[in-house]
> 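Take this structure first; my questions come after.
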Amino acid sequence: MDKNQLKAILRSAWSLDEEIQSYKERIVVSRARAEKNTPHYGPQTGGGGDGKRMENDVISVLDEESYLLELIDKRQRELRKVIGYIELLPKSPMRAVLHKRYINYHTFEQIAAELHYSWQNVHRLHSKALDYILHEVNKGNT
């Protein structure tokens, strides 16, 4: 494994979290559309559809919610992997930087402010932490 592969693994939960947020927004829109439907109780259908618009909208919401649950489950599995890599580090500022970056999804600027470090120092700690993890992972593969 190289540094870019490790970073991709560490970012995997982050990208899933962004997809989850996007899906939550889609579900809000779908629910609003489903709730906006007005049932028609006459013998003739109103409008030009198949008369199943409400049913189709509700099914769409249920499908989207089901997929959202799958995404959340996948993100939890990825987070466990990320935490496993971070726990290879000794308790140190390196570990704090990676935790804030890949578990809390903070920017390097936010991390620097929270830890009272310079932005450059946070980057140095981040790089050092990645090197440490790679050393630990790769020594197990030799």
Side-chain angles (χ1 to χ4, degrees), residues 1-117 119 121-142:
M1 176 184 320
D2 66 14
K3 201 178 250 190
N4 286 331
Q5 290 170 323
L6 177 58
K7 281 196 236 180
I9 291 168
L10 293 173
R11 279 191 295 247
S12 62
W14 194 343
S15 61
L16 282 168
D17 194 64
E18 289 176 348
E19 189 175 352
I20 287 168
Q21 295 309 318
S22 172
Y23 240 84
K24 284 180 179 180
E25 292 170 13
R26 285 180 59 183
I27 289 171
V28 167
V29 170
S30 294
R31 276 190 182 150
R33 189 177 56 241
E35 291 170 357
K36 185 176 142 184
N37 284 323
T38 306
H40 179 67
Y41 297 110
Q44 299 173 341
T45 61
D50 61 2
K52 296 184 179 182
R53 182 172 165 210
M54 183 181 294
E55 179 182 335
N56 293 338
D57 286 344
V58 170
I59 289 170
S60 174
V61 169
L62 292 174
D63 288 344
E64 289 173 351
E65 287 176 345
S66 174
Y67 183 67
L68 177 64
L69 292 174
E70 290 175 26
L71 282 177
I72 290 170
D73 187 50
K74 186 175 180 181
R75 180 190 60 189
Q76 289 306 109
R77 288 192 306 273
E78 291 299 315
L79 271 175
R80 280 190 218 99
K81 257 195 267 185
V82 170
I83 290 168
Y85 281 116
I86 292 172
E87 287 180 351
L88 293 173
L89 294 164
K91 292 189 191 259
S92 66
M94 290 186 304
R95 191 175 191 169
V97 167
L98 261 60
H99 190 275
K100 290 179 181 299
R101 180 73 176 161
Y102 298 110
I103 304 297
N104 298 338
Y105 314 132
H106 291 184
T107 65
F108 287 116
E109 291 81 6
Q110 289 171 317
I111 297 167
E114 290 172 18
L115 297 179
H116 306 290
Y117 290 148
W119 180 82
N121 196 26
V122 170
H123 273 277
R124 187 183 58 75
L125 287 168
H126 179 264
S127 181
K128 190 175 174 183
L130 295 178
D131 290 338
Y132 186 96
I133 291 171
L134 285 172
H135 174 74
E136 291 298 309
V137 169
N138 290 332
K139 88 175 178 188
N141 292 335
T142 23

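Keep in mind the model is a prediction, meaning the values are calculated, not measured.
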> How many angstroms lie between CD1 in Ile86 and CE in Met94, if you round to the nearest 0.5 Å?
12.0 Å

> Does a side-chain heavy-atom distance below 4.5 Å link Leu69 with Glu65?
no

> How far does OG of Ser60 sit from CD1 of Ile27, to the nearest 0.5 angstrom?
9.0 Å

> Do you know which of Glu114, His99, Arg101 makes side-chain contact (heavy atoms from CB on, under 4.5 Å) with His106?
Glu114

> Which word best sums up how the rings of Phe108 and His126 line up, parallel for under 30°, tilted for 30 to 60°, or perpendicular for over 60°?
perpendicular

> For Arg124 and Asn121: C-alpha separation, side-chain torsions, deciding distance, then whether side chain to side chain contact (heavy atoms under 4.5 Å, CB included) applies.
CA-CA 5 Å; Arg124 187 183 58 75; Asn121 196 26; 2.6 Å; yes

> Which distance, rounded to the nearest 0.5 Å, do you find between the CD1 of Ile133 and the CG of Leu89?
4.0 Å

> Do the side chain of Ser12 and the main chain of Ile9 share a donor and acceptor less than 3.5 angstrom apart?
yes

> Any side-chain heavy atom of Leu68 sitting closer than 4.5 Å to one from Ile20?
yes

> Suppose we screen for side-chain hydrogen bond (donor to acceptor under 3.5 Å, both in side chains). Which residues come up paired with Lys81, at least two apart in sequence or across chains?
Glu78

> If you compare all heavy atoms of Glu64 against all heavy atoms of Ser30, which two are closest, and at what distance to 0.1 Å?
OE1-OG, 2.8 Å

> Please report the interatomic distance CD1(Ile111) to CG(Asn104), rounded to the nearest 0.5 Å.
8.5 Å

> Is a donor on one side and an acceptor on the other found under 3.5 Å between the side chain of Glu18 and the backbone of Ser15?
no

> Could you work out, with side-chain hydrogen bond (donor to acceptor under 3.5 Å, both in side chains) as the rule, every residue matching Glu19, not counting sequence neighbours?
Tyr67

> Look up atom CG in Leu10 and atom CG in Leu98, then write down how far apart they are to the nearest 0.5 Å.
6.0 Å

> Using every non-hydrogen atom in the two residues, find where Arg31 and Val61 come nearest and quote the distance to one decimal.
N-CG2, 3.7 Å

> Would you please classify the geometry between the Tyr102 ring and the Trp14 ring as parallel, tilted or perpendicular, with 30° and 60° separating the classes?
perpendicular

> Quickly, which of Leu71, Asp73, Ile72 forms a side-chain contact (heavy atoms from CB on, under 4.5 Å) with Arg75? Name it, please.
Ile72

> Apply the side-chain contact (heavy atoms from CB on, under 4.5 Å) test between Leu6 and each candidate in Val137, Asp131, Leu130; give the one that qualifies.
Leu130

> After noting the C-alpha distance and the side-chain angles of Tyr85 and Leu88, does the key distance pass the side chain to side chain contact (heavy atoms under 4.5 Å, CB included) rule?
CA-CA 5 Å; Tyr85 281 116; Leu88 293 173; 4.0 Å; yes

